[in-house]
Amino acid sequence: MAWSLRTLPTLNQDQFAQWGKLLEERTGIQLVFQQKAWLESQIYARLRDMGFEDYDNYYQFVAEDSIDSKLEWARLIDRIAVKETSFFRHRESIEYVRSYLQQQINNQSLQGSFDVWSLGCATGEEPYSLAMVVNDCFELAAISPYYGITAMDISSSALAAGRKGRYSKRRTEQVKPDEAKRYLQACTDGSYEVVSKLRDRVCFTQSNIIHARQLPQVSVDVIFCQNLLVYFRRWLRRDVLNALVERLKPGGLLIVGLGEVMDWEHPEMQRTDDDQVQAYVRLNH
Ligand SMILES: C[S@@+](CC[C@H](N)C(=O)[O-])C[C@H]1O[C@@H](n2cnc3c(N)ncnc32)[C@H](O)[C@@H]1O
């Protein structure tokens with residue numbers, strides 16, 4: 001019988017636990033039992049394409065340490081990682097970066113280049129939204145220091161879409177008309193492309209945030225990390241955030257999703273008092 005006509009085999013509880021454990025060990029993403037049917041369909045699509053007979057054989061393969069297994073794992077993650085995003089998804093947070101930078105420009109306290117990280121950047125809408133506000137600030141002030149957005153994600157297909165920088169009309173709905181006029185270019189197929197002066201500022205790179213301590217030893221001005229930590233256990237959220245603090249310049253800004261981290265404090269970080277945004281500033285000492 002053709003694969004496509006077969007009913008989807010179910011993962012038993014042990015198999016679900018085994019897959020969940022592997023996923024969490026490798027990505028931090030924690031599955032809940034309600035996601036079982038969805039996980040089955042994602043795994044099954046891959047195992048069928050790869051010609052495996054059942055979940056166990058496929059599991060043995062992806063759990064191996066070979067290059068082929070690693071490639072297959074990357075393809076599976078492309079399917080499993082939730083890549084939901086939009087331009088200006090949480091506008092208040094993006095606008096907070098605008099005011100933060102504006103203040104530095106007004107105080108003349110910019111320290112050389114202005115560097116931003118967008119972690120779990122998905123298909124690029126978030127880093128491009130950040131690039132829009134940063135570019136706005138520098139154009140308004142008529143200054144042109146170096147600035148760059150480093151956009152990181154575990155999913156290579158998401159990163160590829162981000163590098164392309166082309167979005168359907170529906171996906172650009174949250175971009176205001178005046179922003180779209182400046183930063184999006186209509187394409188003949190009805191989609192919109194981010195203008196090259198912004199695309200050139202955004203560098204997409206594959207990273208696994210659970211290994212945050214291995215991220216480049218640089219100091220950045222802003223770390224933006226929304227709708228990613230929420231998939232992790234609480235201890236891992238705290239661990240990642242502690243590692244991120246060390247990548248911020250003194251006075252640097254960390255923004256997470258509102259309510260995504262409830263019980264994190266750090267002696268070098270001070271929560272800002274805007275209750276529409278969950279932002280922390282690294283103390284200057
Ligand atoms: C729901 S999207 C959020 C996108 C964007 N930050 C936003 O708020 O709109 C979560 C992204 O995190 C990525 N991701 C999941 N686990 C990751 C990990 N361990 N390291 C890096 N990225 C990860 C996923 O591939 C996905 O693109």
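Atoms within a ligand are numbered from 1 in the order they appear, just like the ligands themselves.
Here E84 has backbone heavy atoms under 4.0 Å from ligand 1, and that is the only part of it that gets that close. With a heavy-atom cut-off of 4.0 Å, I29 touches ligand 1 through its side chain alone. Contacts between A158 and ligand 1 below 4.0 angstrom, taking non-hydrogen atoms only, are absent altogether.
In terms of modelled atom types and a separation under 3.5 Å, the side chain of D221 and the main chain of D115 share a donor-acceptor contact.
Near N208, the atoms of ligand 1 lying under 4.0 angstrom from a non-hydrogen atom of the residue are 18 (C), 19 (N), 20 (N). Within ligand 1, counting atoms from 1 as listed, the ones closer than 4.0 Å to a heavy atom of Y231 are 1 (C). Proximity to S155 (heavy-atom distance under 4.0 Å) selects the following atoms of ligand 1: 25 (O). The contact set between ligand 1 and T85, taken as ligand atoms under 4.0 Å from a residue heavy atom, comprises 4 (C), 5 (C), 7 (C), 9 (O). Ligand 1 places these atoms under 4.0 Å from at least one heavy atom of G120: 3 (C), 4 (C), 5 (C), 6 (N), 11 (C), 12 (O).
In this structure, a donor-acceptor pair under 3.5 Å is present between the side chains of Q15 and D56. Of the N and O atoms on the side chains of Q111 and S109, not one donor lies less than 3.5 Å from an acceptor on the other residue. In this model, no donor atom of one side chain and acceptor atom of the other lie less than 3.5 Å apart for Y96 and E92.
When all heavy atoms of S157 and K83 are compared, the pair lying nearest together is OG-NZ, 4.0 Å.
Residue nearest to atom 16 (N) of ligand 1, selected from L119, L228, D78: L228 (by heavy-atom distance). Atom 5 (C) of ligand 1 has its nearest heavy-atom neighbour, among E126, E260, M152, in E126.
Ionic pairing of R237 and D263 is not present here: no N-O contact between side-chain nitrogen and carboxylate oxygen is shorter than 4.0 angstrom.
At least one heavy atom of S207 sits closer than 4.0 Å to an atom of ligand 1. The closest approach between F224 and ligand 1 stays at or above 4.0 Å for every heavy atom of the residue.
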